[in-house]
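Chain letters run A, B, ... following the sequence lines, proteins first and then strands; every chain starts at 1.
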Number of protein chains: 2
Amino acid sequence: MVMADDPPRRQPTLEAVAELAGVSRSVASRVLNNAPHVSQGKRDAVERAVRELGYVPNPTARALATRQTGAAALVVSGEDPSIFADPFFAQVIVGASAALEEADLHLMLCLAATDRGRKRVEELLRGKGADGVMLMALRENDPLARTAEEAEMPVVFGGRPVGSAPRWYVDVDNTGGAREATEYLLSRGRTRVAVICGRLDTEVGRARYRGYQDAMLAAGLEPFPPHEGDFTEPSGAAVMAALLLQHPDLDAVFAANDNMAAGALRTLREAGRSVPADVAVVGFDDLAVARIADPPLTTVHQPIPALGREMARMLVALLNGEDPTPLILPTRLVTRTSA
Amino acid sequence: MVMADDPPRRQPTLEAVAELAGVSRSVASRVLNNAPHVSQGKRDAVERAVRELGYVPNPTARALATRQTGAAALVVSGEDPSIFADPFFAQVIVGASAALEEADLHLMLCLAATDRGRKRVEELLRGKGADGVMLMALRENDPLARTAEEAEMPVVFGGRPVGSAPRWYVDVDNTGGAREATEYLLSRGRTRVAVICGRLDTEVGRARYRGYQDAMLAAGLEPFPPHEGDFTEPSGAAVMAALLLQHPDLDAVFAANDNMAAGALRTLREAGRSVPADVAVVGFDDLAVARIADPPLTTVHQPIPALGREMARMLVALLNGEDPTPLILPTRLVTRTSA
DNA sequence: GCTTCCAATGGGAGCGCTCCCACCTCCCTT
DNA sequence: AAGGGAGGTGGGAGCGCTCCCATTGGAAGC
C-alpha cells in the first residue's frame, strides 16, 4: 500500500477491459459472468484483457446494479458482547462459513450486544446491507426479533427464540438430549438426580430443563426445581455448592452445559465428593472443555458446525427462492468417565 | 418477509424523501450526513420525511459513490478452517468488533483456510471489497502475505508472519512472556525445565521457544531442544509423554500454550506425577481452559481482546490517513497452582 | 445605495456494473 | 427464394447515492 498522495491511478474498470479487448462493455460483462451469446474469439480477447490489466470486478458496483450484496450476516445477540467469547460461536462460524463459501457469499459478523450494535443491525436489516441474516442467541423479548420479522429480508434463526417458532430456523434437539442424559443417569441406578439449569430466559435453558423434567417424571421421580446458572463455569460451581447444601444426598447432576458441569466438578472435588463414585455428572455441548475436564465429562454432543452449516444452507435456499422447512439437529450422548 | 411475488414495492430512496420534504436530493443528502449549509426548516422537513417513509440509506449506493465500503475484513489464514475453532479468535473478534463499531465499520470475517477461501480473500483485497484488512495466523510462506503487500489497501497484521516484520502490525510480547514464565519456574528452584513448543513454522511458536531459551541460557542452564506440538491438547499430551521418557528427571515444563499444558497435565496425572510437587507446569494464553484445568494453570496472560481492539484501531487510523506505529502488547504471568 | 460575500439551494455528472432492447447477420426452413 | 429464428453485438438507461458547481438572495460593509 502506498501512503503518498498517489496519482489517482484507479483500478481498471470493465470499460477499460472492453476497450482493450475491442468489444463493448456488454460483451465484456457477459464474459465475466460467463453468460451465453459471446463468440469464442471475443471471449478469449476479453479474458486476455482481463489478465493483462489485472482486472477485478468491483463488487460494490455489481451489488448496486444487481441489488444483491453478496454477503450474509451472522448476528449474535445477547446482553454482553463477551457472550461471543463462548467457543460455541466459533464452531458455528466454521460451519456457516464453509456453506456460505460454497454459495459465494461473504460473511458479515455482527455482535449486537450493545445499543449501538443493535442499531447497526437494524440498519443492516432495513437498509439491505446484506442479502440475508442468521440470527442467534436471541433473548426473551429481544427487540431484534421484531426487527427481523419486519425486515424484507430472509432471516434464519439459530435456535428458537423464547416462546415463538419463527418461520425458518435450525435448532438442536435440546429437550431430547437432556432427556437422554437424564435417562442415562437413571439407567445407571442414580435416583437423586439434581439439575443445574441454564438461563431460563433462553429457550435452550428451558428446553434442557424440560428434557430433564420429562425423564424424571417418566421414571416416577420428583424433578428438582430449577436451580439457574448462566452457562458459565463459576455459576456452575456456585449452583453445585447450593445444591449440595440443600440436598447433601444427591447422587447425580445434570448440568445444562459443559462449562457449568466443569464448575460442578470443581465444587464436588473441593467438597470431597468423588466423581462418578459419589456423584455422577453429565454435561451438554461436548466442547473441548468436556475432554479436558477431570474426570472427562460424559456429555450430550451437539453438532455445532452442522448447526452453522445448516443455517447458512437454509439461508441460501431462501435466497434462491425456495421455501425450506425448519430443521432440528439430533444430539447424542457421549459417555466418558464422569457418569 | 413476504414470499409472494411481491409488487416491486421497493425501499424509498433519497429522491423520494427529498420530494416529500419539498427539497432537492442534495439538501436531503446533506441532512442525512449532517453536513452544513442547510436551513433549520428544511432540515426538519427532511427529518420528518425520513421518519414518515421509514427511509434507510442504501449502503451499497453510498459505497459506490464514496468509494468506501464501510467494512473491514478480518482474515484468518491457516491450513484448516477448524483453526478458527480456537477460542482465541473469538476473543480477538470481541475486541475488534467493539473498536470497529466505534468507527462505524462492519466486520467481514474470512476464513482463508481453503483454496477457495484464499481466492476469495484475494478478490476482496484486489477488488476493494472492504476498506481495509486485518490478517491473522499467517503461516510460513503464506501466499496471502504477498497478496496483502500488493493490495492497495491498508493491511494490519495480527502477530508477525514468520521471518518478516510488516509495516503495520499488533503483536503480543511472546518472547518476553515465555522468558518470564521460564524465569518464574527457575526462581522456584526448578532446574530441569523442559519445553513443549508450538509449531515452529509460526512466529508465535518460535518466539515462545526463544523466550524459554533466553531464560535458560541466562541462568546458565542447557535449554531442552525443541519438542514440537501443534497447539492442541492431544499434542501436548503426546509431547509430554515423549519428554517423560527421554528425561524422567525433569521437574518442570513450560508449554507454549494452555491447550498443550492441559494435555501435559493429563499425561502427568496418568504417569502418576503430581503437579506441582513433582513437576511444575506453566502454560501460555490464559484462556478459559487454564482456570478449568486441574490443578488450575499458572500461565502467561495475554490481552487477547486488546489485540483485536488495537488491530482494529490501527486499521481505522490507517483509513484516516494516519501512519500508526506497530504495537507490541505486554503479557503478564498469572500464578495459580500448577507452578 | 451599491458592491461583496457567503449561506442556502438544486441540477447534473458521475461511481462501475448489469440488463433490457434494438439491431444485424447468418443459416436453416418451407 | 423469401421468411423466420437464433446467436452475436453494442447502446443506453438505470441502480441510489455523493459531490462539484453554478445560481440565488439577503446581510453586511463601504
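Under 4.0 angstrom from either OP1 or OP2 of D:dT18 there lies at least one side-chain N or O belonging to B:N33. Within the structure, every side-chain polar atom (N or O) of A:R67 is placed at least 4.0 Å from both OP1 and OP2 of D:dC15. The phosphate of C:dT9 (OP1 or OP2) has no side-chain N or O of B:S24 nearer than 4.0 angstrom. Contact between the side-chain N/O atoms of A:S39 and the OP1/OP2 oxygens of D:dT9 is found at a separation under 4.0 Å. For D:dG16, neither phosphate oxygen OP1 nor OP2 lies less than 4.0 angstrom from any side-chain nitrogen or oxygen of A:K128. Within the 4.0 Å cut-off from OP1 or OP2 of D:dG16, not a single side-chain nitrogen or oxygen of B:T13 is found. A sub-4.0 Å separation between OP1 or OP2 of D:dC17 and a side-chain N or O of B:S29 is absent.
For A:N58 and C:dG16, the CG to C1' distance is 6 Å, given to the nearest whole Å. Atom-to-atom, CD of B:E19 to P of D:dG16 comes out at 15 Å; the value is rounded to the nearest Å. Between the CG atom of B:D131 and the C1' atom of C:dC15 there is a distance of 15 Å, given to the nearest Å. B:L14 places its CG atom 8 Å from the C1' atom of D:dG16, with the value rounded to the nearest Å. Look at CG on A:D44: it is 13 Å from P on D:dG8, rounded to the nearest Å. Following rounding to the nearest Å, A:H37 (NE2) and C:dA22 (P) show an atom-to-atom distance of 16 Å. If you take CD of A:E123 and P of D:dG16, they are 18 Å apart, rounded to a whole angstrom. One atom, CZ of A:R30, and another, P of C:dT18, lie 11 Å apart when rounded to the nearest Å.
Between B:V31 and B:K42, the closest side-chain pair of non-hydrogen atoms is not below 4.5 Å.
Applying the 6.0 Å contact sphere to CD of B:E123 captures more than 12 heavy atoms from other residues, nucleotides or ligands.
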Worksheet entry | salt bridge (Lys or Arg N to Asp or Glu O under 4.0 Å) assessment of B:E150 paired with B:R146 | CA-CA 6 Å; B:E150 289 168 1; B:R146 253 190 83 75; 2.5 Å; yes

Fill in: Steps toward salt bridge (Lys or Arg N to Asp or Glu O under 4.0 Å) verdict (B:E310, B:R313)
CA-CA 5 Å; B:E310 297 304 330; B:R313 285 196 184 152; 3.4 Å; yes

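Residue-to-nucleotide proximity on DNA chain C shows that, of B:L64 and B:Q40, the 5′-proximal contact is made by B:Q40. For the pair A:R25 and A:V38, both in contact range of DNA chain D, the more 5′-proximal nearest nucleotide belongs to A:V38.
Using a 4.0 Å heavy-atom criterion, one finds that A:P57 contacts the sugar-phosphate atoms exclusively.
Closest to the side chain of B:T66, from the set C:dC19, C:dG16, D:dT18, is D:dT18.
Scanning atom types as modelled, one donor and one acceptor separated by under 3.5 angstrom connect the side chain of B:S26 and the base of C:dG11.
The side chain to side chain contact (heavy atoms under 4.5 Å, CB included) test with B:F89 singles out one residue from B:L74, B:L111, B:I304, B:V76, and that residue is B:V76.
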